[in-house]
There are 2 protein chains.
Amino acid sequence: MKITIKDIAKMADVSTATVSKIVNHKDQNISHATRQKVLDLIEAHNYVPNRIASSMITKKTHSIGLIIPDITNPFFPEVARGVEDYANMEGYHVVLCNSDNKLDKEVSYIGMLQEKMVDGIIFTSSSLRNKVSKEFLRLQIPVITVDRDITGMRAQGKITVDNTSGAYQGVSYMIERGYKRILHLGGPMTSKPALDRFEGYRNALSDYGIQFDEKLFFEGNYNAQWGYEGVLEALTNKIEFDGIFCGNDMIAIGAIKALNEKGISVPGNVGVMGFDDIYMATVVTPNLTTVCQPNYQMGYKAAEMLIELIKHPEAKMMDVVLKTKLVIRESTK
Amino acid sequence: MKITIKDIAKMADVSTATVSKIVNHKDQNISHATRQKVLDLIEAHNYVPNRIASSMITKKTHSIGLIIPDITNPFFPEVARGVEDYANMEGYHVVLCNSDNKLDKEVSYIGMLQEKMVDGIIFTSSSLRNKVSKEFLRLQIPVITVDRDITGMRAQGKITVDNTSGAYQGVSYMIERGYKRILHLGGPMTSKPALDRFEGYRNALSDYGIQFDEKLFFEGNYNAQWGYEGVLEALTNKIEFDGIFCGNDMIAIGAIKALNEKGISVPGNVGVMGFDDIYMATVVTPNLTTVCQPNYQMGYKAAEMLIELIKHPEAKMMDVVLKTKLVIRESTK
DNA sequence: TATAATTAAGTAAACGTTTACCTAGAGAGA
DNA sequence: TCTCTCTAGGTAAACGTTTACTTAATTATA
């Protein structure tokens, strides 16, 4: 049988109120002797308070939900780690949910988290959908969206990176290094980041007086497979290019692979730039020049904002946009 | 104000017991009319049951703790995903904890999870330590260790992979393909898997009549950095080798990088084999031949065992060892 | 010395459920 | 008609805490 506050109280010959105060360090008015006696008993009997019972009264569970598409996608472990680090520091637990970007899983997780009385939710979805925002609307807990925001959603906080200026920065660098015909292998244009990166790409071209050539733009998915195929497609269509700006690092890795196989040297013949700066970028040959996205920071900051909102629900909506950073390695000259 | 079961009961003019039975589908003895009325009210007022309150009575929180060293380490997202998939299927939540292999964080997480009344814990630690097992001993909930077991620990379940035979399989394959002097760049010998893989390596050599040469064995860490340095070290010491069996894929990736830089072709001059089969192995050039470890399966199976134990605490201790599989790609000839 | 303030506790309700047990009425069997 | 068994639902305690309020004793103040 698990030992409870009542058992300790009885053994110490005090009331449960007294024990509670001691456990929660609200013990200004407890004599030293009593405190010590209770503490000794707690130690001796290995009493651990039941936080579920506390939650009933305090209405706080000190746990937060983290809904992401897939922890297996190299982008997310970093943000999850950021979330968990801050949460842990503040005494919060994080409940991990993989939605696979599926609406029904998202909705079901939101429901489950609500039933479990989490104090707040951090949410990422790669598609901009509306149904989910309805679910959030009836939640009485704060929600922070990270990376991709949701249309029509009135999240109490939003954290994104400046994809447009990141892409601008990357493409500008390539142009300055002498690349003239830069292919853009983008992600799915249904996602905001892909849109923004494309915009940054176009802005840079335009600012440097280069005409945008739509034959140089390909839309695909955020994976190596697509990078590989995209290059092959460009090659078979005899499209000339001396550089590739990729929608993310995975695309870049696939692209380099295709280039290698076709005997096109990187960065000798073609320069390649990625986006994200996942760990793999440092390990692939050649090391990837890329636009670094502060994934860990995003998670950390999201948790910070969320917990701030949990503690001060009256705080007003926050909207943070994080800066990217160019990381120059070996895949560009 | 949040709406509770009492509100619904009052509105439907029934008792909370009735509402509870309906919500939990224990409604054999509820008339259709009453059930419908209650269900409508629930729908209309968006009532969601407070599972915290249920937990107080049922003594079950339907959540499990997952303690891993670092979700950012490419090995773990897959197992986390496996855990979460099975847990979710069974209606359980998973609480993610990154211990960084630090004893104090491990202990602190165990305490927090206990306070939050999780129904069970899945635990991985890379070092074999004892202190933690004491913490587990006083827990009244089931614990499953995955990947590395803990000495002196009486976990109710244990799930590992057969590292010895995996390594044996990998090294045998290399020998059969004609590799004669196979370097072993191992992980830290304080961890069981490293020990076992080393054993498999030696067994294979011995079974094929090759004398073990201790100059061919290097102990290091499980990262690309070490693979890179290990190769350089072997090279500067003028150690001859035509193959490398690496402690894991990261080491292999680092090794290939060093080999490339030194103008040694893979697999032309030297064959390289990894261990784990992380995603990166498929994306690196050349693609890595490796011993595939069923990470996702480990997590999935661990969750399965844990939840089985939660439901049937009288079930006896389980000990599962998963098989590895050789995956032949391009880094061996 | 009488009163006020402080200290060191204790009392008991409340949090939102579940569940063992109870009850009243209706139909069935003898 | 009487008893038995269902059916449909209700009662109230219990789960383990927290906390607003109370109380008794001690100390300080006037």
Side-chain angles (χ1 to χ4, degrees), chain A residues 1-39 41-42 45-63 91 112 114-119 140-141, chain B residues 1-39 41-42 45-63 91 112 114-119 140-141:
Chain A
M1 203 60 266
K2 224 167 152 54
I3 173 160
T4 74
I5 200 171
K6 285 183 192 166
D7 302 320
I8 298 290
K10 196 169 297 170
M11 290 185 289
D13 202 29
V14 299
S15 71
T16 61
T18 301
V19 178
S20 175
K21 285 170 190 160
I22 293 171
V23 168
N24 296 297
H25 304 106
K26 299 188 174 171
D27 49 0
Q28 319 83 320
N29 285 351
I30 305 289
S31 73
H32 183 72
T34 307
R35 180 187 301 114
Q36 203 46 248
K37 181 170 56 174
V38 167
L39 254 20
L41 252 5
I42 285 177
H45 293 85
N46 192 231
Y47 163 68
V48 356
N50 181 334
R51 297 296 175 200
I52 292 289
S54 318
S55 296
M56 287 248 40
I57 303 222
T58 61
K59 310 277 186 199
K60 291 274 170 267
T61 56
H62 288 266
S63 54
M112 286 177 70
Q114 190 183 5
E115 294 189 352
K116 288 270 181 66
M117 303 284 134
V118 297
D119 295 338
Q140 282 116 324
I141 52 173
Chain B
M1 205 59 267
K2 225 167 152 54
I3 172 161
T4 74
I5 201 172
K6 285 183 193 165
D7 301 320
I8 298 290
K10 197 168 295 168
M11 290 187 288
D13 200 29
V14 298
S15 71
T16 60
T18 301
V19 177
S20 175
K21 286 170 191 162
I22 293 170
V23 168
N24 296 297
H25 304 106
K26 300 187 174 173
D27 49 0
Q28 318 84 320
N29 285 349
I30 305 289
S31 74
H32 183 71
T34 306
R35 180 187 301 114
Q36 202 46 247
K37 182 169 56 174
V38 168
L39 254 18
L41 252 4
I42 286 177
H45 293 85
N46 194 230
Y47 162 69
V48 356
N50 181 334
R51 297 295 174 199
I52 293 290
S54 318
S55 296
M56 287 247 41
I57 303 218
T58 62
K59 310 279 188 197
K60 291 276 170 266
T61 56
H62 287 266
S63 54
M112 287 176 70
Q114 190 183 5
E115 293 189 352
K116 289 268 180 68
M117 303 285 134
V118 297
D119 295 337
Q140 283 116 324
I141 51 173

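Naming convention: chains lettered A, B, ... in sequence-line order (proteins, then strands); numbering from 1 in each chain. Values reported hereafter were calculated over all heavy atoms of this structure, with side chains retained and with hydrogens, waters and symmetry mates removed.
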Would you list the protein and nucleotides 20-27 of chain D atom pairs, both N or O, that sit under 3.5 Å from each other?
none

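- Here A:Asn24 reaches the OP1 or OP2 of D:dT18: one of its side-chain N or O atoms lies under 4.0 Å away.
- Close to C:dT6, at under 4.0 Å from its OP1 or OP2, lies no side-chain N or O of A:Asn29.
- Residue B:Ser20 places at least one side-chain N or O closer than 4.0 Å to OP1 or OP2 of C:dT18.
- Between B:Met56 and B:Val14, the one whose closest nucleotide on DNA chain D sits nearer the 5' end is B:Val14.
- At least one side-chain nitrogen or oxygen of B:Thr34 sits closer than 4.0 Å to the OP1 or OP2 atom of D:dG9.
- For B:Lys59, taking side-chain heavy atoms from C-beta onward, the closest of the listed nucleotides D:dC15, C:dT17, C:dA9 is D:dC15.
- Within 4.0 Å of B:Lys6, counting heavy atoms only, lies at least one base atom of the nucleic acid.
- Direction change of the helix axis from one end of the helix from C:dT1-D:dA30 to C:dA30-D:dT1 to the other is 50°, with five pairs defining each end axis (rounded to 10°).
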Which pairs of donor and acceptor atoms, one on a side chain in residues 1-11 of chain B, lie under 3.5 Å apart (sequence neighbours left out)?
from   : atom 1 : to     : atom 2 : distance (Å)
B:Thr4 : OG1    : B:Lys6 : N      : 3.1
B:Thr4 : OG1    : B:Asp7 : OD2    : 3.4
B:Asp7 : OD2    : B:Thr4 : N      : 2.7

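- Across all strands, B:Ser54 comes closer than 4.0 Å only to sugar-phosphate atoms, never to a base (heavy-atom distances).
- Contact between the side-chain N/O atoms of A:Thr58 and the OP1/OP2 oxygens of D:dT18 is not found at any separation under 4.0 Å.
- For A:Ser15, the listed nucleotide lying nearest its side chain is C:dT11; candidates were C:dT11, C:dG16, D:dT18.
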